Protein chains: 2
Amino acid sequence: MALEHAILVSLLEKPGSGYELARRFERSIGYFWTATHQQIYRVLKRMENDGWVVVRDVPQQGRPDKKEYSVADLGRAALSSWLQDPIEPESVRHDLAVKIRGAAFDDPAALIREVERHRQAHRDRLAHYLAGEARDFMAPGADTAGPKTPLDAERELQHVVLRGGIAYERMMIGWLDDVLATLARFGPGR
Amino acid sequence: MALEHAILVSLLEKPGSGYELARRFERSIGYFWTATHQQIYRVLKRMENDGWVVVRDVPQQGRPDKKEYSVADLGRAALSSWLQDPIEPESVRHDLAVKIRGAAFDDPAALIREVERHRQAHRDRLAHYLAGEARDFMAPGADTAGPKTPLDAERELQHVVLRGGIAYERMMIGWLDDVLATLARFGPGR
DNA sequence: TCCTGCTATGCAACTCGTTGCATAGCAAGC
DNA sequence: GCTTGCTATGCAACGAGTTGCATAGCAGGA
């Protein structure tokens, strides 16, 4: 299980409330890890009980108060120990691949529409990633010269993870093109 | 949920027992969908109750008897209806990406070993996929001329899914090289 | 004979993740 | 004053997935 560790990383990058974490999981962190707010609240409570994080009540004006979480020493130690642990290369779950093989036993017309829809979704996500990259990592003069600081490391690591997302989307778009070409090849002949 | 649908597809391609399905989920189907034998047995039982599949007791010599499942009309209809339903593009879960961003707050040496281990695992899987492709889809004279049959469609769809796996592994290897280069760039300077 | 190992099926307990719902403060517009 | 919408937190129930364990037939080797 890594949700708690994803939360620790996110809180180390910047403390925040459960709500804010949920927003982050819709964007940057969510590019490679999803979680709903229910899950986050539940896990945060457990982490608080375990002493991994500490809470601070933050009154706000114009909106409801929030609880701001930050990482405690125990949490940092837990993250550190998890980082040492080897993990298994992820197991994949591709509904779409199941559908593609299933299309051999059904009318492929619906599948073609579905694949085109997915390709568009991946195009959109790619555009979104590229925009984020231009915004956050192509800033002028940022990483030119000077000594490397811990903040540089944080940025560089965030960037390489984003590049992974970009590579993934590009690969998917190419493959979905391949799928469509394959479907077109034998589709009309039936 | 798609496990039951993955099972339906697999049983349509070839009827088999729960045990055999579990083996298949370790190979071909398992390239894009994982399941343990517990899960498979449980779901098979439910599918039998729902009339999606039918069982046939098959006595065997030299080994325990087995129950061979095959798809019933209701199951085929259920699969067909699921194939019509649009699904959401998958949500990703990459432990490794969490670790990479977490490495900003810890010693990156362990991460480097981890990334190298994963790269090797992806290399192995790629070699395995390529061997499977050569064995199953590069057979001489198979797909040269003649009219397209439903069996051709089945094969072509299996092949395009495998090509997806190959593209995925190649992308991952390239990205992990990028990660290692990035770690090397700022790692020594600390 | 006993142990190991493979085929084959299954139960029970647990954790993880999703879905639906509920509450509440406050702002903006009709 | 009412509705809509965003921030913010949470409960309860369910379904999916994992882990540990148990059973049983049979083969082969020490």
Side-chain angles (χ1 to χ4, degrees), chain A residues 1-7 11 15-27 29-30 32-50 53 55-69 82 87-95 98, chain B residues 1-8 11 15-27 29-30 32-50 53 55-69 82 85 87-95 98:
Chain A
M1 223 285 287
L3 174 55
E4 30 209 322
H5 302 109
I7 289 176
L11 289 181
S17 69
Y19 190 81
E20 283 163 351
L21 282 170
R23 311 297 313 269
R24 289 184 211 170
F25 274 82
E26 283 169 12
R27 2 178 326 278
I29 308 276
F32 51 86
W33 199 274
T34 56
T36 61
H37 75 275
Q38 324 289 358
Q39 239 179 303
I40 291 167
Y41 283 125
R42 198 197 303 159
V43 171
L44 272 177
K45 192 149 286 178
R46 187 174 66 225
M47 290 168 78
E48 194 195 339
N49 288 336
D50 294 348
V53 293
V55 201
R56 193 170 64 91
D57 263 46
V58 178
Q60 299 185 114
Q61 50 261 57
R63 54 177 67 177
D65 299 350
K66 67 174 182 180
K67 301 184 180 175
E68 195 187 73
Y69 291 86
W82 177 71
I87 49 173
E88 287 310 302
E90 2 63 59
S91 48
V92 195
R93 290 274 165 106
H94 282 293
D95 299 67
V98 178
Chain B
M1 222 284 290
L3 173 55
E4 29 210 322
H5 303 108
I7 289 177
L8 284 173
L11 289 181
S17 68
Y19 190 83
E20 283 163 350
L21 282 170
R23 313 295 314 268
R24 289 184 212 172
F25 273 82
E26 284 168 13
R27 357 179 329 279
I29 307 276
F32 52 85
W33 199 274
T34 55
T36 62
H37 75 274
Q38 324 289 357
Q39 240 180 302
I40 291 166
Y41 283 125
R42 198 197 303 159
V43 171
L44 272 177
K45 192 148 287 178
R46 187 174 66 225
M47 290 167 78
E48 193 195 340
N49 288 336
D50 293 348
V53 294
V55 201
R56 194 170 63 94
D57 263 45
V58 178
Q60 299 185 111
Q61 50 260 56
R63 53 177 67 178
D65 299 350
K66 67 174 181 178
K67 302 183 181 177
E68 195 187 72
Y69 291 86
W82 176 73
D85 274 1
I87 49 173
E88 286 312 301
E90 2 62 59
S91 48
V92 195
R93 290 274 164 106
H94 280 293
D95 299 67
V98 178

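Keep in mind the model is a prediction, meaning the values are calculated, not measured. We name chains A, B, ... by the order of the sequence lines, and we start the count at 1 in each one.
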**OP:** May I ask you to verify if any side-chain N or O of B:Gln39 is less than 4.0 angstrom from the OP1 or OP2 atom of D:dT18?
**Re:** yes
**OP:** Would you mind telling me which residue lines up with the more 5' stretch of DNA chain D, B:Glu4 or A:Glu68, judged by nearest nucleotide?
**Re:** A:Glu68
Original post:
Would you say a side-chain N or O of B:Arg23 is under 4.0 Å from OP1 or OP2 of C:dT7?
Top reply: yes
Original post:
For B:Met47 and D:dA16, what is the distance between atoms CE and C1' respectively, to the nearest whole Å?
Top reply: 15 Å
Original post:
Is there a side-chain contact between B:Tyr41 and B:Leu21, using heavy atoms and a 4.5 Å cut-off?
Top reply: no
Original post:
Which letter, B, S or -, goes with each nucleotide of nucleotides 23-30 of chain C from 5' to 3', with contact meaning a protein heavy atom under 4.0 Å?
Top reply: --BSS---
Subject >> Donor-acceptor pair, side chain of B:Arg93 and main chain of A:Thr34, under 3.5 angstrom >> reply: yes
**OP:** Would you please confirm or rule out a distance under 4.0 Å between OP1 or OP2 of D:dG17 and any side-chain N or O of B:Thr36?
**Re:** no
**OP:** Give the rounded distance in Å between these two atoms: CG of A:Leu21 and P of D:dA8.
**Re:** 12 Å
Original post:
Shortest non-hydrogen contact from A:Phe25 to A:Ala35?
Top reply: CD2-CB, 3.8 Å
Subject >> Selection from D:dG17, C:dT9, C:dA8 that lies nearest to any side-chain heavy atom of B:Gln60 >> reply: C:dA8
Original post:
To the nearest Å, how far apart are B:Asp65 CG and C:dG10 C1'?
Top reply: 16 Å
**OP:** Nearest whole angstrom, please: distance from the P of C:dC11 to the CG of B:Leu44.
**Re:** 13 Å
Original post:
Quick one: is A:Tyr19 getting a side-chain N or O under 4.0 Å of the D:dT9 phosphate, OP1 or OP2?
Top reply: no
Original post:
Looking only at heavy atoms, what is the nearest atom pair of A:Asp65 and A:Gln60, with distance?
Top reply: OD1-N, 3.1 Å
Subject >> Matching residue for B:Ile7 among B:Ile29, B:Val53, B:Leu44 - test: side-chain contact (heavy atoms from CB on, under 4.5 Å) >> reply: B:Leu44
Original post:
Are A:Tyr69 and A:Glu48 close enough that some pair of their side-chain heavy atoms sits under 4.5 Å apart?
Top reply: yes
Original post:
Is A:Arg46 near enough to C:dT15 that one of its side-chain N or O atoms lies under 4.0 angstrom from OP1 or OP2?
Top reply: no
**OP:** Tell me whether the OP1 or OP2 atom of C:dT9 has a side-chain N or O from B:Ser17 closer than 4.0 Å.
**Re:** yes
Subject >> Phosphate-side-chain proximity, B:Gln38 and D:dG17, N/O vs OP1/OP2 below 4.0 Å >> reply: no
Original post:
D:dA13 P sits how many Å from A:Arg42 CZ, rounded?
Top reply: 13 Å
**OP:** Nearest-nucleotide wise, let me know which of B:Arg93 and B:Lys45 is further upstream toward the 5' end of DNA chain C.
**Re:** B:Lys45
Subject >> Length of the line joining A:Leu3:CG and C:dT18:C1', which is rounded to integer Å >> reply: 13 Å
Subject >> First encountered from the 5' end of DNA chain C, between A:His37 and B:Tyr41 >> reply: B:Tyr41
**OP:** Would you check if A:Trp33 and B:Asp95 make a side-chain contact, meaning some heavy-atom pair closer than 4.5 Å?
**Re:** yes
**OP:** Using a 4.5 Å cut-off on heavy atoms from C-beta on, say whether the side chain of A:Glu68 contacts that of A:Pro15.
**Re:** yes
Subject >> Any B:Lys66 side-chain nitrogen or oxygen under 4.0 Å from OP1 or OP2 of C:dT7 >> reply: no
**OP:** Quickly work out the B:Asp57 CG to C:dT7 P distance and round it to whole Å.
**Re:** 20 Å
